[in-house]
S.K.: 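Take a look at this one; I'll ask things after.
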Amino acid sequence: MKRRKVMALAAATVLSIGVFPHFADAVSDREIQEKRDAINDIRSKQSAVQDKINNADQQIQQLQTQQKSLSAEIKKLDLAVEETSGKIRSLSADIQQTEQAVETLKREIAEVQARIEKRNEILKERVRSLQESGGVISYLEVLLGSQSFSDFIDRISAVTTIFEADKQIIREQQADKVLKEKKEKELTDKLSRLQADLKELEQLKQTLNEQINQKNQLMANLKQKEQEHYELKMELAEEQELLKKQEAAVKYQLQQLMEKKRAEEAAKRRAAASHTSSSGSGSIYSGGSSSSRSESNVPPVTSGAFMRPANGPVTSGFGYRSFGGGEFHAGIDIGKRGAVVPVVAAADGYVFRSYFSSSYGNVIFITHVINGQVYTTVYAHLEARLAGEGQAVRKGQVIGYMGNTGRSTGPHLHFELHRGQWNPAKSNAVNPLDYINF
């Protein structure tokens with residue numbers, strides 16, 4: 001009996017040693033609070049992103065309203081240009097008619113000028129005649145030389161007729177000169193007015209066209225800004241989706257920690273009550289794929305927090321590149337050296353995003369919690385994805401194959417490591433070479 005008690009005590013002691021060292025690595029309240037803080041932080045970011053999306057929507061609506069107003073203004077200007085063009089066509093026709101009238105007047109003036117010159121010759125002849133005959137004295141001699149009263153009357157009548165003819169010539173000469181000057185002035189003034197009006201209309205049309213060009217340019221700028229806000233909205237929507245997935249991942253991790261903590265507390269209670277049995281806490285993961293280890297070209301699992309995600313040389317490092325405009329390269333590139341190159345999870349984690357991105361191509365995002373620190377790894381340009389969203393993966397588990405999808409210049413794996421959550425600015429990105437021995 002004594003021996004049996006000793007054996008029981010020894011068994012309980014061994015069992016206690018086997019159980020409680022596990023509790024030394026037990027889930028702490030701090031870890032649970034960190035997860036809750038992480039969820040609150042993600043929700044805060046989601047709220048901020050939603051505010052940006054709402055602001056982008058407001059900007060788009062304002063730009064569309066401005067475009068609508070501007071379109072109405074452009075339509076008015078187009079109508080004004082159309083009306084002005086009609087006036088220019090009408091005025092051009094008037095100018096053409098006036099120019100034709102000027103040509104007709106020139107011919108009439110030429111005729112009047114010919115009559116004037118002819119009368120001038122008659123008047124000159126009359127003056128010469130008067131000078132040669134003594135002028136009025138000769139007419140007096142004509143009158144005094146009459147033979148009878150009747151002859152005198154006849155002579156007076158003849159002289160009067162001559163005087164009247166001369167006076168008529170002078171009147172006609174004067175009238176033709178006045179007519180010539182009047183018509184010249186009328187047509188010249190009309191033509192000047194028409195040409196001035198035409199010039200004013202042409203300047204108005206040019207001004208209207210310049211305003212239309214300016215408003216069309218403004219319209220193009222508004223449409224460009226609208227497109228930029230649409231693209232920003234799409235980027236924000238993608239960021240929002242990533243944040244939702246990250247929140248789900250952290251919630252999952254929090255759930256696992258809570259379950260683990262409850263299992264540990266239950267195990268403690270059972271151990272304290274019986275000292276005879278114990279149940280270990282469940283693993284976060286449902287087991288890895290041991291068959292993947294037999295797959296060729298799979299990198300071996302190494303010690304440390306992270307392992308290399310694929311075999312192959314590092315073809316492009318972390319940091320600013322010396323080519324391509326000196327853009328920042330937020331990860332490293334691993335070159336493809338083989339027909340089929342498997343890509344593995346760099347550490348135990350949870351897949352919170354697995355989809356096709358226009359830039360990353362086939363890409364997988366995995367969140368990890370190592371020693372209380374959240375990390376995110378990104379595996380881009382995959383030929384195929386073998387891990388879906390919501391899946392727990394183990395370190396070294398094959399999650400896809402190296403490829404050339406998305407914005408890629410050749411087959412390779414673009415691998416990113418972020419100390420914290422992933423964000424579009426990639427402000428949490430760190431150099432994988434500082435964490436993994438390549």
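For the single chain, residues carry numbers from 1 onward in sequence order. Everything numeric here is computed off the predicted structure, so don't read it as measured data.
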S.K.: What closest approach, in Å, do P342 and Y401 show between heavy atoms, and which atom pair accounts for it?
M.R.: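 Shortest heavy-atom separation between P342 and Y401 comes out as CA-CD2, 3.8 Å.
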S.K.: Determine yes or no for a side-chain-to-main-chain donor-acceptor pair under 3.5 angstrom, with S90 supplying the side chain and G86 the backbone.
M.R.: no
S.K.: Would you say that more than 12 heavy atoms from the other residues, nucleotides or ligands in this model lie under 6.0 Å from the CD of E202, or not?
M.R.: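 Yes.
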S.K.: With rounding to the nearest 0.5 angstrom, report the CG to CG distance, N423 to L242.
M.R.: 10.0 Å
S.K.: Got a sec, which residues hit side chain to side chain contact (heavy atoms under 4.5 Å, CB included) with D333, two or more places apart in sequence or on another chain?
M.R.: T315, S316, R321, H329, H412, H414
S.K.: Please give me the minimum heavy-atom distance between I334 and P309, naming the atom from each residue.
M.R.: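 Closest approach of I334 to P309: CD1-CG, 3.8 Å.
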S.K.: Any sub-3.5 Å donor-acceptor pair from R385's side-chain atoms to A387's backbone N or O?
M.R.: no
S.K.: Measuring from R353:CZ to T367:OG1, what's the distance to the nearest 0.5 Å?
M.R.: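 Result: 14.5 Å between the selected atoms.
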S.K.: Say you draw a straight line from NZ of K87 to OG of S85; how long is it, rounded to the nearest 0.5 Å?
M.R.: 11.0 Å
S.K.: For Q67, what residues pass the side chain to side chain contact (heavy atoms under 4.5 Å, CB included) criterion, not counting sequence neighbours?
M.R.: L63, M219, L222, K223, E226
S.K.: Which distance, rounded to the nearest 0.5 Å, do you find between the NZ of K336 and the CG of N404?
M.R.: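 Nearest 0.5 Å value for the NZ-CG distance: 8.5 Å.
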S.K.: Could you work out, with salt bridge (Lys or Arg N to Asp or Glu O under 4.0 Å) as the rule, every residue matching K426, not counting sequence neighbours?
M.R.: E416
S.K.: Please determine whether side-chain contact (heavy atoms from CB on, under 4.5 Å) holds for the pair Y375 and W422, giving the CA-CA distance in whole Å, both sets of side-chain angles, and the decisive distance to 0.1 Å.
M.R.: CA-CA 8 Å; Y375 292 90; W422 185 93; over 6 Å; no
S.K.: Parallel, tilted or perpendicular: which describes the rings of F306 and H368, with under 30° parallel and over 60° perpendicular?
M.R.: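 Geometry flag for H368 against F306: perpendicular rings.
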S.K.: Do Q62 and Q59 come close enough that some side-chain heavy atom pair is under 4.5 Å?
M.R.: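 The answer is yes, as the side chains (C-beta and beyond) meet within the 4.5 Å cut-off.
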S.K.: Between Q58 and N55, is the side-chain contact (heavy atoms from CB on, under 4.5 Å) condition met? List the steps.
M.R.: CA-CA 5 Å; Q58 291 176 0; N55 182 63; 4.2 Å; yes
S.K.: Evaluate the side-chain contact (heavy atoms from CB on, under 4.5 Å) criterion for residues N297 and V340: first the C-alpha distance (whole Å), next the side-chain angles of each, then the deciding distance (0.1 Å), finally the verdict.
M.R.: CA-CA 8 Å; N297 206 15; V340 178; over 6 Å; no
S.K.: A side-chain contact here means heavy atoms from C-beta on lying under 4.5 Å apart; do I399 and I366 qualify?
M.R.: yes
S.K.: State, to 0.1 Å, how close V351 and I364 come at their nearest heavy-atom pair, and which atoms those are.
M.R.: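 Closest pair (atom of V351, atom of I364, distance): CG1-CG2, 4.0 Å.
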S.K.: Determine whether L382 and V343 make a side-chain contact, defined as any pair of heavy atoms from C-beta on separated by less than 4.5 Å.
M.R.: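 When only atoms from C-beta onward are counted, V343 and L382 do touch, with a gap below 4.5 Å.
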S.K.: Under a 3.5 Å distance rule, please check whether S354 uses its side chain to pair with a backbone N or O of E389 as donor and acceptor.
M.R.: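 Absent.
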S.K.: Would you give me the side-chain donor-acceptor pairs under 3.5 Å for residues 430-438, sequence neighbours excluded?
M.R.:
residue: N431; atom: OD1; partner: L433; partner atom: N; Å: 3.1

S.K.: What verdict does the ring pair (Phe, Tyr, Trp, His ring centres under 6.0 Å) test give for Y350 and F365, after you've listed the backbone C-alpha separation in whole Å, the side-chain angles of each residue and the deciding distance to 0.1 Å?
M.R.: CA-CA 8 Å; Y350 177 85; F365 291 76; over 10 Å; no
S.K.: Any donor-acceptor pair under 3.5 Å linking the side-chain atoms of Y379 with those of T377?
M.R.: yes
S.K.: Taking the side chain from N371 and the backbone from Q373, do they hold a donor-acceptor pair closer than 3.5 Å?
M.R.: no
S.K.: Would you mind reporting whether E383 and N362 have side-chain heavy atoms less than 4.5 Å apart?
M.R.: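 Of all side-chain heavy-atom pairs linking E383 with N362, none is under 4.5 Å.
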S.K.: Nearest 0.5 angstrom please: E82 CD to K75 NZ, how far?
M.R.: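 Here the interatomic distance stands at 11.0 Å.
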S.K.: In terms of heavy-atom contacts, does NZ of K225 have more than 12 from other residues, nucleotides or ligands at under 6.0 Å?
M.R.: no
S.K.: When you measure from the side chain of S92 to the backbone of I88, do you find a donor-acceptor pair of N or O atoms at a distance under 3.5 Å?
M.R.: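 Answer holds: yes.
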S.K.: Looking at every heavy atom in both S303 and K395, which two are closest together, and how far apart are they?
M.R.: C-NZ, 3.9 Å
S.K.: If you take all heavy atoms of Y360 and A380, which pair is closest and at what distance?
M.R.: CD2-CB, 3.4 Å
S.K.: Tell me, please, which residues at least two apart from D51 pass side chain to side chain contact (heavy atoms under 4.5 Å, CB included).
M.R.: S47, N54
S.K.: Taking the side chain as every heavy atom from C-beta outward, state whether R394 and D348 have any pair of such atoms under 4.5 Å apart.
M.R.: yes
S.K.: In sequence, state the C-alpha distance, the side-chain angles, and the governing distance for Y355 and V363, and then conclude on side-chain contact (heavy atoms from CB on, under 4.5 Å).
M.R.: CA-CA 6 Å; Y355 74 118; V363 60; 3.6 Å; yes
S.K.: Once side chain to side chain contact (heavy atoms under 4.5 Å, CB included) is applied, do any residues pair with R337, and if so which ones, sequence neighbours excluded?
M.R.: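 Testing R337 for side chain to side chain contact (heavy atoms under 4.5 Å, CB included), a comparison that skips the adjacent residues, returns P313.
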S.K.: Looking only at heavy atoms, what is the nearest atom pair of A347 and A305, with distance?
M.R.: CB-O, 3.4 Å
S.K.: Indicate yes or no: at least one non-hydrogen side-chain atom of F352 is less than 4.5 angstrom from one of T376.
M.R.: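 Sidechains of T376 and F352: in contact.
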S.K.: To the closest 0.5 Å, what do you measure between CE (M234) and CD1 (I53)?
M.R.: 8.0 Å
